[in-house]
Amino acid sequence: MSQSSALPSPPVAQKRAHSFTLHGKTLQDEYAWLKDPHYPTVDDPDILDYLKQENAFFEQAMKPRATLTDQLFSEMKARLQEDEQAVPWQDGDYLYWWSFQSGSQYRAWYRRLMADTEDKKQILIDEAAEAEGYDYFRLGALSVSPDGRLAAWTCDNNGAERFTLQIRDLESGKDIEIVSSVVNGAVVWSADSRAVLYTEVNDNWRNYRAMRHIIGEDSSQDREIYREQDDGFRVSLSRSQDRQWIFLESGNHQTSEIYLIPTDDIDSPPDLISPRKTGRLYSVDSGQGKLWILTNDDHVNFRLASARFDTASDWQTEIAGSDLLYLTGLHAFSDHLLLSARKEGLDQIILRHPDGQLEYIEFPEASYSVSFDHNPAYDPVYYRLRYESMVTPPTIYDYDPDSKTLRFLKRQEVPSGYDPEAYSSERLMIKARDGVSVPVTVVYRKDFEKDGEGKLLLYGYGAYGISIAPYFSTSRLSLLDRGFAYAIAHIRGGDDLGYQWYLDGKLEKRWNSFHDFSDVAKGLIEHHFTKAGKIAIHGGSAGGELMGVVSNTDPDLWGAVVAEVPFVDVLNTMLDESLPLTPGEWPEWGNPITDEKAFDLILSYSPYDNVKAQPYPPMLITGGLNDPRVTYWEPAKWTARLRATKSDNNELLCKINMGAGHGGKSGRYARLEETAEAYSFVISHLAD
C-alpha cells in the first residue's frame with residue numbers, strides 16, 4: 001500500500017542548519033531544533049505545530065483502515081474478561097485482590113479479613129475514580145502499613161513517571177497526606193507503621209536520593225537518608241521477604257551496592273553490605289537467619305552465596321556459578337529458597353531445601369514462561385506461580401512443596417472463545433552470520449502453510465539483558481487468525497541464553513543484536529515460513545532502535561515496520577549528559593564524549609544518523625510527548641529525516657501521544673486501540 005493520492009501531502013519539517021564537531025568529525029543535524037530547550041516543558045509553537053501536523057496526517061492516513069481497525073479493536077476487546085478478577089493472596093490477616101468492573105479501563109484494589117465470615121470487602125484504591133479528569137493515569141506503588149490502618153500509594157497523571165506519594169486512611173478511604181510529587185519506585189514501611197521510606201527523582205528524572213517520612217509530620221521535615229553522587233547510578237528500595245530489613249540499592253547496568261536498614265530501626269544509618277566494584281552486580285534477600293546473595297563476581301551466570309549479618313561482606317558460596325544454569329532471582333522463605341533461573345533458554349523455578357538439595361518444578365510444555373506471583377508471606381503453605389506459553393493463557397498455580405504438585409487456581413479466560421488446539425508453537429535455533437545459533441519462538445494456526453508465501457510478524461528487543469519470554473497474547477490472535485505467523489527473535493543483548501548472551505550484544509558487540517535479527521528473518525525464510533517483503537517487524541524503545549537499524553541495513557526484507565517510542569537518535573542522546581538517562585546509559589552503549597571508539601561505533605549504527613537515500617518499507621513510528629526515557633524528538637527527528645531522504649513513496653506515519661509517556665496510553669482499552677492501529681497498519685501492507 002503506497003501513500004494514497006487522496007491524502008494531503010505529509011508534513012515537511014523545516015531544515016535549520018546545525019552542526020557539531022567531536023573527535024575530528026563534523027555531523028549535520030538539521031532537525032536539532034525539534035528538541036525544545038525548555039524540556040521537559042514543551043512549549044515552542046513551531047515544535048508543537050509540527051507534531052500536531054504529524055498527528056493530523058496520521059489520522060487522515062488511517063481513515064481508509066477505520067473499518068479494519070474497529071474490527072480488530074472489537075475482536076481484542078471481546079477477548080478480555082470484562083469483570084476479570086485476580087486470585088486473592090494472603091498477607092497477614094487479610095486477603096488482597098484486584099478486579100475490573102465491566103467497561104472500566106482501570107482496576108480497583110480490595111481486601112477483606114480472613115476471619116470475616118460475612119465476606120465484607122474494603123476498597124483500597126479505585127483506579128477509575130482516581131483517573132477521573134485525567135487523560136492518563138498509572139498506579140505506581142501500593143503498600144499497606146504493617147498495622148493495616150494506612151496505605152502509601154503513588155500515581156502518575158501525565159506519563160512523565162514522576163509519581164505523587166500519598167498516605168490514605170483505609171478506614172475512612174480518605175488521603176490524609178501528600179508526601180512528595182517527584183517519587184519513583186517502591187515505598188517501604190517501617191515495622192511500627194510510623195514512617196515510610198521512598199525515593200525521589202531530580203529534574204533530570206534520576207532516582208538520586210532516599211527519604212524518610214514520619215506519618216503526621218509535614219513533608220518539609222522529611223529526612224534524607226541517602227544521596228547518590230554518581231549521575232549514572234539510580235537509588236531504589238525494597239524489603240526482605242522476612243520483613244526484617246529494608247534494602248537500599250544504588251546501581252547502574254553493570255554495578256551495584258546495597259545497604260541494610262532494619263525495619264524496626266529506620267533511623268539507624270544504612271549499613272553497607274559490600275562496596276561497589278565496577279562490573280559486579282549483586283542482589284540480596286534475608287531469611288533463615290542469614291543473608292542470601294546472587295552475584296556475578298566469579299561467574300558470568302551468577303552464584304548463590306550466603307553471609308552472616310555481622311560479617312555481611314563475607315560471602316560463602318552455596319551454589320557455584322555454572323555455564324549451564326543462569327541464576328536470575330531469589331526469594332528467601334522460612335523453609336526454602338525459591339530461585340528463578342534459566343537453563344538452555346527456558347525459565348526454571350528451583351526450590352533449595354535447607355540441606356542444600358535443589359528441586360526443580362516441572363512444567364507441561366517444551367517452551368513456556370514462568371515467574372513468581374504474589375508471595376508476600378514468609379512462611380507460606382504454597383508458593384504461587386504464574387505460567388504461560390505462546391498457546392497457553394496466563395495460568396496461576398500454587399506449588400505444594402510437600403506433595404510436589406502444582407495446584408491449578410485460574411487460567412485467563414477468553415470470553416469470545418479460544419481453542420489452544422488450533423495453534424502450534426515451536427522453538428527454532430537459527431544460525432547468525434558468525435555461526436552462533438539464535439533461539440526463535442514461533443506461533444501460528446495449525447492450518448498455516450509453510451510454503452514460503454506466508455505472512456509473518458517478527459518481534460525483537462535485544463538490550464539491557466532483558467529476555468523476551470514466550471508469552472500469550474489475546475491481541476496476537478487477530479493476526480494468527482488472519483493467516484500470520486508470529487515470531488520472537490531471542491537475540492543477543494537480551495539474557496535469554498544467560499548473562500553472556502547479554503554481554504555479547506552490548507557496547508563493542510552491539511552489532512550482533514542487529515545482525516541476529518536480520519539473520520533470524522532470513523532463517524525463517526529458509527524454513528519456508530515467509531519470504532522477503534512478507535515480514536512485518538515490531539519493536540519498542542531499544543527494540544525501536546533495532547527497527548531503525550535493520551530498516552537502514554535490510555529494507556528489502558520488510559513489508560512493514562512498527563517502531564514504538566524508538567531510541568533512534570542514539571549518538572546525540574549519548575552525547576547529551578543533561579538528559580535524564582544518559583550517564584546511566586554509558587555502560588550499556590559506551591560514552592562517545594570521552595571515547596572516540598564508542599563515538600565511531602554508535603555513529604555506525606545510530607538509525608537517525610544512517611538514514612540513506614534508498615527505498616524504505618512502510619513505517620509506523622510512535623512517541624510520547626512526556627516520555628522521559630525516549631524523548632519525543634527522537635521519533636520526530638527520525639521521521640523528518642526519513643521523509644526528506646528516502647527514495648520511495650511508501651507510507652510513513654508518525655504519531656506522538658501528546659498526553660502520555662513511554663508506555664503509550666493508559667487504560668486497558670486505550671492500549672488495545674493502539675495495538676489495533678498497529679495491526680491494522682501491518683495487515684493493510686501485507687495484504688495478499
Fill in: Considering all heavy atoms, the nearest Y459-H538 contact
CD1-O, 3.2 Å
Discussion item. With a 6.0 Å cut-off on the ring centroids, do Y418 and F472 count as close?
Written reply: yes
Discussion item. Check whether D595 reaches the backbone of N591 with its side chain - one donor and one acceptor, N or O, closer than 3.5 Å.
Written reply: no
Worksheet item: Checking T553 side chain against V549 main chain: does a donor-acceptor pair fall under 3.5 Å?
Response: yes
Worksheet item: Has K77 got its NZ or CZ under 6.0 Å from the middle of the six-membered ring of Y669, at an angle within 45 degrees of the ring axis?
Response: yes
Item to complete: Determine yes or no for a side-chain-to-main-chain donor-acceptor pair under 3.5 angstrom, with W501 supplying the side chain and H490 the backbone.
Response: yes
Fill in: Pair E426 + K450, salt bridge at N-O below 4.0 Å
yes
Worksheet item: Does NZ or CZ of R342 come closer than 6.0 Å to the centre of the six-membered ring of Y326, within 45° of the ring's axis?
Response: no
Fill in: Whether F363 and Y368 hold their rings parallel, tilted or perpendicular, with breakpoints at 30° and 60°
tilted
Worksheet entry | Ring-ring centroid check W589 F567, cutoff 6.0 Å | yes
Discussion item. Between Y679 and E674 (side chain of the first, backbone of the second, donor and acceptor by atom type, cut-off under 3.5 Å), is there such a pair?
Written reply: no
Discussion item. Please tell me whether Y499 and Y502 form a close aromatic pair, meaning their ring centres lie under 6.0 Å apart.
Written reply: yes
Worksheet item: So does D600 pair up with K25, basic N to acidic O under 4.0 Å?
Response: yes
Worksheet item: Going from CG on D554 to CZ on F514, what distance comes out if it is rounded to the nearest 0.5 angstrom?
Response: 12.0 Å
Fill in: Euclidean distance, T530 OG1 relative to F448 CZ, rounded to 0.5 Å
6.5 Å
Worksheet item: Got a second to check how far S513's OG is from L546's CG, nearest 0.5 Å?
Response: 7.5 Å
Item to complete: Please confirm whether Y423 and Y444 have ring centers closer than 6.0 angstrom.
Response: no
Worksheet item: Rounded to the nearest 0.5 Å, how far apart are CD1 of I683 and CG of L479?
Response: 5.0 Å
Worksheet, complete the sentence: Shortest non-hydrogen pair, D627 vs V565, comes out as OD2-CG1, 3.6 Å
Fill in: Single hit among S74, S416, S478 for side-chain hydrogen bond (donor to acceptor under 3.5 Å, both in side chains) with R79
S478
Discussion item. Quick check with a 6.0 Å cut-off and a 45 degree axis cone: is K646 positioned over the face of Y616's six-membered ring?
Written reply: no
Worksheet item: Are any side-chain N or O atoms of T441 and backbone N or O atoms of I488, one a donor and one an acceptor, separated by less than 3.5 Å?
Response: no
Fill in: Short side-chain to backbone donor-acceptor contact, W33 and Q14, under 3.5 Å
yes
Worksheet item: Between S541 and G543, is there a donor-acceptor pair closer than 3.5 Å when you use the side chain of the first and the backbone of the second?
Response: no
Worksheet item: Counting N and O atoms only, with roles assigned by atom type, does the side chain of R641 sit under 3.5 Å from a partner on the main chain of Y608, one being a donor and the other an acceptor?
Response: yes
Worksheet item: Which of parallel (below 30°), tilted (30 to 60°) and perpendicular (above 60°) describes Y605 and W511?
Response: perpendicular
Practice prompt. Check the angle between the aromatic planes of W558 and F517 and answer parallel, tilted or perpendicular using the 30° and 60° thresholds.
Written response: tilted
Practice prompt. Of all the heavy-atom pairs spanning C654 and P635, show the shortest one and how long it is.
Written response: SG-O, 4.3 Å
Worksheet item: Does any donor atom in the side chain of E545 or Y461 lie under 3.5 Å from an acceptor atom in the other side chain?
Response: no
Worksheet item: Looking at F484, does the NZ or CZ of R445 lie under 6.0 angstrom from its six-membered ring centre and within 45 degrees of the ring axis?
Response: no
Worksheet, complete the sentence: Shortest non-hydrogen pair, I535 vs K531, comes out as CG1-O, 3.7 Å
Worksheet item: Closest heavy-atom contact between L281 and N252?
Response: CD2-O, 4.1 Å
Worksheet item: Quick one: do the T395 and E388 side chains pair a donor with an acceptor below 3.5 Å?
Response: no
Response to the item:
d(H515 NE2, R433 CZ) to nearest 0.5 Å is 4.0 Å
Practice prompt. Would you mind checking if R492 and D434 are paired as a salt bridge, meaning a charged N to carboxylate O distance below 4.0 Å?
Written response: yes
Discussion item. Please give me the minimum heavy-atom distance between H18 and A32, naming the atom from each residue.
Written reply: CD2-CB, 3.6 Å
Worksheet item: Measuring from I430:CD1 to E526:CD, what's the distance to the nearest 0.5 Å?
Response: 8.0 Å
